[in-house]
Protein chains: 2
Amino acid sequence: MKLAEDDIRQRFRACGLKVTPQRAAIYRALAETTSHPTADALYQQVRRRYPMMSPNTVYYTLGALRDAGLVHEVNYWHDGARFDANLTSHHHLVCLGCRAIVDLMDARLDRLAAPALQRRAFDIIGHRVEFHGYCAACRASKPGTTRRRPEPKKRMRRA
Amino acid sequence: MKLAEDDIRQRFRACGLKVTPQRAAIYRALAETTSHPTADALYQQVRRRYPMMSPNTVYYTLGALRDAGLVHEVNYWHDGARFDANLTSHHHLVCLGCRAIVDLMDARLDRLAAPALQRRAFDIIGHRVEFHGYCAACRASKPGTTRRRPEPKKRMRRA
DNA sequence: TTCCTGTTTAGGAATGACTCCTATCTACCA
DNA sequence: TGGTAGATAGGAGTCATTCCTAAACAGGAA
């Protein structure tokens with residue numbers, strides 16, 4: 001799906017983002033694929049046209065686009081591995097504020113199936129439903145409409 | 001849910017894992033909580049009883065437990081951020097082999113709702129269904145029953 | 001019980017995704 | 001056209017995680 005230069009310009013303006021060639025290139029690369037690329041993949045692609053570009057710019061720009069709501073971060077749980085010893089089928093409620101994950105058992109959700117088309121193309125071995133929102137504690141302090149960046153990572157303390 | 005020492009021993013043996021105090025402590029800590037802790041959180045907790053323990057051991061042990069199927073990694077998409085410019089409601093098919101993410105539109109899945117109990121406790125603003133499996137390309141090379149560790153991360157090349 | 005061997009552990013170093021800081025640059029409003 | 005807030009490039013720092021190695025140890029064999 002080709003994107004007109006003007007279209008990008010309009011979308012950026014609508015969000016109050018300045019229109020720069022790097023930024024437009026990153027957004028264009030993302031909008032013209034369905035492959036959910038990583039920051040690095042986008043960097044590799046855009047760098048072909050802008051060899052001076054810093055990976056920093058890619059991170060900064062993706063953050064800006066995300067905060068503006070122009071792109072989604074598909075896997076916002078990319079911060080640190082989390083484990084679960086509960087092996088029975090269950091789903092999750094995820095708090096976007098404090099990042100708590102709460103178990104949710106529901107037989108109805110267990111029975112979901114992908115459409116037949118995908119079941120043929122893909123060898124599906126399971127599924128999981130994730131509800132996103134704010135827990136009671138975070139609801140009170142929930143920011144209006146602003147999206148919040150992930151919590152800063154904490155270092156693994158040794159001492 | 002308290003876990004008897006013998007119970008842990010049996011589960012480990014059944015998977016061919018040696019039973020060590022550190023390993024048992026890590027598994028116990030994980031089995032006795034529903035909070036989906038990070039490796040660091042487990043380290044902090046278990047370290048209270050085993051001050052000499054290295055964070056390394058926690059990573060190694062969690063990997064072993066996961067490969068043995070005794071625990072699940074809740075958010076295996078914790079490796080690197082991935083982005084999506086498709087803002088329309090959709091769900092995902094995730095290939096456990098090559099980690100590709102394929103879009104999946106299905107109005108039926110859009111209409112899911114959490115049980116009323118959770119809807120009261122949690123301010124839910126959205127949900128997403130993730131189907132896991134193997135794409136056509138990976139199906140061929142899919143290992144029998146062995147679980148595969150995540151692909152090695154690739155560094156962001158500058159030169 | 002003791003010994004052997006392969007696994008596990010601790011510690012240090014390396015990796016790599018990402019963030020922070022700073023100086024320069026530039027889009028865009030007046 | 002100039003001023004300025006916001007954007008970029010580059011370097012340094014952060015930190016979760018992995019790699020490597022030597023020492024410790026669990027558990028089967030003798």
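This structure is a prediction, so every number in the text was calculated from the model and none was measured. Sequence lines set the chain letters: A, B, ... in the order given, protein chains first and strands last, and positions in each chain run from 1.
Taken from CG in Leu112(B) to CG in Asp106(A), the straight-line distance is 9.0 Å, to the nearest 0.5 Å. With rounding to the nearest 0.5 Å, the separation of CZ in Arg111(A) from OG in Ser89(A) is 11.0 Å.
For the residue pair Ile26(B) and Val58(B), the shortest heavy atom distance occurs at CD1-CA, 3.9 Å. Between Lys18(B) and Phe12(B), the shortest heavy-atom distance links the atoms O-CD2, 3.9 Å. Across every non-hydrogen atom of Tyr59(A) and Ala39(A), the tightest pair is CE2-CB, 3.6 Å.
Considering only side-chain atoms of Thr57(B), the nucleotide from dA27(C), dT8(D), dT9(C) that sits closest is dT9(C). For Ser54(B), taking side-chain heavy atoms from C-beta onward, the closest of the listed nucleotides dG10(D), dC18(C), dA10(C) is dA10(C). Side-chain proximity of Lys18(A) to dC20(C), dA10(C), dC28(C): nearest is dC28(C). Distances were taken from every side-chain heavy atom of Thr61(A) (C-beta onward) to each of dT8(D), dA27(C), dA9(D); the shortest belongs to dT8(D). Which of dA5(D), dT8(C), dA9(D) sits closest to the side chain of Leu17(B) comes down to dT8(C).
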- Before giving the answer on side-chain hydrogen bond (donor to acceptor under 3.5 Å, both in side chains), spell out for Asp110(B) and His91(B) the whole-Å C-alpha distance, their side-chain angles and the decisive distance to 0.1 Å. CA-CA 8 Å; Asp110(B) 293 343; His91(B) 306 276; 2.8 Å; yes
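With hydrogens and angles ignored, the 3.5 Å screen pairs a side-chain donor or acceptor of Arg139(A) with a backbone N or O of Ala121(B).
Proximity of Tyr60(B) to the phosphate of dT8(C): a side-chain N or O atom is located under 4.0 Å from OP1 or OP2. At the phosphate of dT17(D), OP1 or OP2 sits under 4.0 Å from a side-chain N or O atom of Tyr59(B). Between dT26(C) and Gln22(A), no contact under 4.0 Å exists linking OP1 or OP2 to a side-chain N or O. Not one side-chain nitrogen or oxygen of Arg23(A) sits closer than 4.0 Å to the OP1 or OP2 atom of dG6(D). OP1 and OP2 of dC25(D) both lie 4.0 Å or more from every side-chain N or O belonging to Thr20(B).
The stretch residues 6-13 of chain A touches DNA chain C through Arg9(A), Arg13(A), each having a heavy atom within less than 4.0 Å of the strand.
Mapping Met52(B) and Val19(A) onto DNA chain C by nearest heavy atom places Met52(B) closer to the 5' end of the strand.
Counting distance only, with no hydrogens placed and no angle test, the side-chain atoms of Asp40(A) and the base atoms of dG16(C) include no donor-acceptor pair under 3.5 Å. One cannot find a donor-acceptor pair under 3.5 Å joining the base of dC18(C) and the side-chain atoms of Asp79(A).
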